[in-house]
Number of protein chains: 2
Amino acid sequence: MEAPWFMSIKKNPQAEGKRLLMDAALTLTSNNRSLSSLSLRELSREAGLNPNTFYRHFKDFDDLGLTIIAELTDQIRQPLRDLRREAAASVLPLHAVDVSWEENPQLNMKRFMQVNKATIKLFFDFVASNPNAFIVGVRELHGASKVMRHALRNMMSAFAQDMAEDVEMLNLLPGLDKGPLLALSEVISRDTFLLSMDYIELPDQRDNICLQAENLVATLFIGSTVIGGQGALVVGAFED
Amino acid sequence: MEAPWFMSIKKNPQAEGKRLLMDAALTLTSNNRSLSSLSLRELSREAGLNPNTFYRHFKDFDDLGLTIIAELTDQIRQPLRDLRREAAASVLPLHAVDVSWEENPQLNMKRFMQVNKATIKLFFDFVASNPNAFIVGVRELHGASKVMRHALRNMMSAFAQDMAEDVEMLNLLPGLDKGPLLALSEVISRDTFLLSMDYIELPDQRDNICLQAENLVATLFIGSTVIGGQGALVVGAFED
DNA sequence: ACCTAAGGTATACGATTGTATACTTCAAAG
DNA sequence: CTTTGAAGTATACAATCGTATACCTTAGGT
C-alpha cells in the first residue's frame, strides 16, 4: 500500500515553522487576545508544531513580537510613502499652474484637502487588507511588554518623520515650520493608527471614519498654520 | 499571654476582600502586566486571600475590570469638571470686562490659553497622584477584552461630553459649533489620556508633556474655528 | 562521501492553573 | 436565641503550563 501524497511530500524546510508561528500569533491575537496572554503550547498548537520548535526561532515572546513588528514595518513603510506620492501626483498636476498660496488660498487649500483625502483612503484600504497586523500593533502599543511598546513607538515615529518629509517635499503646506510639522505628524500618525481599529471593527461606518481622519488632519494642519502666524494663508479659504 | 492587637481586631467584614482584590489587580497591572495575563491564583496571592474568595465578589475578570473602571470614573469625572471650572474661575474674572472676541482677539485668545494651561496642569497632577488607575485604563483601552474596551470608550465619551459642555457654558470659544466641538473633545479626551502614560513614565519631561498637550488642544480648537468659517475671530491673535 | 548544524519531534516532569466540594466564622435579621 | 446568608478558608484534582533531555531528518559545505 502506498503512502498518501501529502505524507511523502517534504515541504521546503526553510524556517517554515517561523512563518507558521508568526501567523499563528497574528491569528490568535486578532481574536480578543494579547501577546502576553498567549501560552507557548497554545501558540504551537495553533501553528501545528511541537512546543519546543518555538525556541528554535525565538528567544521569548518579546522576540516573536519584535520580529512581527519588524516585518510589519517593512510591509507598510515604503508602500505608505508611495501612496502619498501617488496621491499627490494624481491631484497636483491637474492644477499645476502653480498659483501661490497668497494668490489663491481657496485653490491651494483644495489641493491639500484632495491629497489628504486620497492618502487617507489608500491608507485605510491598506489597513483593511492587513487587519490582523494592525490589530496586534495597536494592542501592543499600550500593552504589557515594555520592549514591545518602545518598538512600536519607534515605528510610529519613523512613519511620522516620513510624513513630515513628504509634506515638505511636496510643498503641501508652505506655512508650516519644520518643528511644528513634525509634532503634528506624530499626533496624526498615532491617531490614524488608533482609528484603524474602528475601521476594521465597524465596516458599515468606514466612510464616516475616513471623514473623521480627514477632518482631524485638516484641523491640525490649519490650526498649526494659524498659530505659526501664517493664518492669512489659510483663513481666506474658509470665509463665505 | 494576650494576643497582639492586630490579631484581635476584626476589621469590618464589609467586603474587605473586594477592595484587596481590586488593589492587587491595580498593583500587578501597573508593573508590565495586563489584566488578561493575570491568573486567579496570582491575584489572590497578591491580595493575601484564598483563590476562591475571588468568586465571592466577581463573576470573572471582566467583572473585576468593569468594577475598577466604574470606580475610576466616579473618582475622576466630577473632580475633572471641578478642575475645569476652577481653572476658568481663576483666570476669567481678572479680565471680566467682557470684551467681545471681535473687539480684541488677542485678549480673548489669551484667556482661552490660560484656562487651557491651568486645566491641563491640574489634570496631569491628578494623573500623577493616581498613576496605577490610569495605567490600567490606557492598557485596557486597546487590550484583549472587548467588554473592557467598550466600557473604557464609553467612559472617555462621557468625559468628552463634559468637556464640550463646559467649554460651551464657560463661553471659551464662541466660534465653535456644537458638532465640531464634541468631535474635538473626543479627540482631546483620548489623546490626553494616552499622553498621561508618558507623564507617568517620564517624570523628567513633565513640563514638556504639558506643553505638548496645551499645543494640541489649542491647535485643534483654532483649526476647527477656522474651518467653521470663523477664522476672523482667532487669526488676528497670531499675527505679528 | 562524510559531517555538521539547523529544523522539527517525542517524552517526561514538576509547577501552576481553574474550579469543585465542604467547612468555618460572624453579623445581623427573625 | 436562633437562623441564615455572606465572606473567607482548606483541600483536592485534573488539566495545562514551561522546559529539559534525547532523538530524528535533511540541506549544504568540505
Side-chain angles (χ1 to χ4, degrees), chain A residues 2-25 27-29 31-68 71 144-145 147-148, chain B residues 3-25 27-29 31-68 71 143-145 147-148:
Chain A
E2 218 165 341
W5 64 272
F6 56 83
M7 290 195 61
S8 61
I9 284 189
K10 296 290 174 188
K11 302 294 299 293
N12 74 325
Q14 283 288 38
E16 187 193 9
K18 196 166 184 175
R19 267 255 63 76
L20 288 174
L21 285 168
M22 291 169 66
D23 289 345
T27 301
L28 289 175
T29 51
N31 202 37
N32 288 356
R33 303 294 304 269
S34 69
L35 270 190
S36 62
S37 76
L38 290 185
S39 81
L40 216 122
R41 294 183 106 104
E42 194 181 8
L43 183 65
S44 313
R45 217 177 300 134
E46 172 74 24
L49 295 172
N50 186 285
N52 288 313
T53 305
F54 179 89
Y55 293 113
R56 303 286 182 197
H57 303 286
F58 306 106
K59 204 186 86 206
D60 48 32
F61 270 76
D62 272 351
D63 192 11
L64 206 196
L66 291 180
T67 309
I68 289 182
E71 198 188 52
S145 157
V147 180
M148 209 64 59
Chain B
W5 65 271
F6 56 84
M7 290 194 60
S8 62
I9 283 189
K10 295 292 172 188
K11 301 293 299 295
N12 73 325
Q14 284 287 39
E16 186 193 9
K18 196 165 184 175
R19 267 256 61 75
L20 288 173
L21 285 169
M22 292 169 66
D23 289 345
T27 301
L28 289 176
T29 50
N31 202 36
N32 287 357
R33 303 292 305 268
S34 69
L35 270 190
S36 62
S37 76
L38 290 185
S39 82
L40 220 130
R41 294 183 107 105
E42 194 181 8
L43 183 66
S44 313
R45 218 177 299 135
E46 172 74 24
L49 295 173
N50 186 284
N52 288 314
T53 304
F54 179 88
Y55 293 113
R56 303 287 182 196
H57 304 286
F58 306 106
K59 205 187 84 204
D60 49 32
F61 270 76
D62 273 349
D63 192 11
L64 206 197
L66 291 180
T67 308
I68 289 181
E71 198 188 51
S145 157
V147 180
M148 209 64 59

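Computed from heavy atoms alone, side chains included, the values below leave out hydrogens, waters and symmetry copies. Lettering of chains follows the sequences in order, A, B, ..., and the numbering in each one begins at 1. Treat the numbers as computed from the prediction; the structure is a model and nothing was measured.
- If you check D:dG8, C:dG8, C:dT17 against the side chain of B:Arg45, the one that comes closest is C:dT17.
- The CG atom of A:Asn50 sits 16 Å away from the P atom of D:dA22 (whole-angstrom rounding).
- The two residues A:Leu20 and A:Ala47 have their closest heavy-atom pair at O-CB, 3.7 Å.
- Rounded to an integer number of Å, the gap from CG of B:Leu40 to P of D:dT16 is 17 Å.
- The CZ atom of A:Arg19 sits 18 Å away from the C1' atom of C:dG8 (whole-angstrom rounding).
- D:dA6 atom P lies 18 Å from atom CD of B:Glu16, rounded to whole Å.
- Of the candidate nucleotides C:dT9, C:dG18, D:dC17, C:dG18 has the atom nearest to the side chain of B:Ser39.
- Atom-to-atom, CG of A:Asn52 to P of C:dC13 comes out at 15 Å; the value is rounded to the nearest Å.
- Nearest approach of B:Ser37 to B:Glu42, heavy atoms of both residues: O-OE1, 4.2 Å.
- Checked against D:dA10, D:dA12, C:dC23, the side chain of B:Arg41 finds its nearest nucleotide in D:dA12.
- In this structure, CG of A:Asp63 is placed 17 Å from C1' of D:dG18, rounded to the nearest angstrom.
- Atom CG in B:Leu35 sits 10.0 Å away from atom OG in A:Ser34 (nearest 0.5 Å).
- Straight-line distance from the CD atom of A:Glu42 to the P atom of D:dA15: 18 Å, rounded to whole Å.
- Checked by atom type and distance alone, the side chain of A:Arg19 never pairs as donor or acceptor with a backbone atom of A:Asp23 at under 3.5 Å.
- Side-chain nitrogen and oxygen atoms of B:His57 include none within less than 4.0 Å of the OP1 or OP2 phosphate oxygen of D:dA6.
- Between the C1' atom of C:dA10 and the CZ atom of A:Phe54 lies a distance of 20 Å, rounded to the nearest Å.
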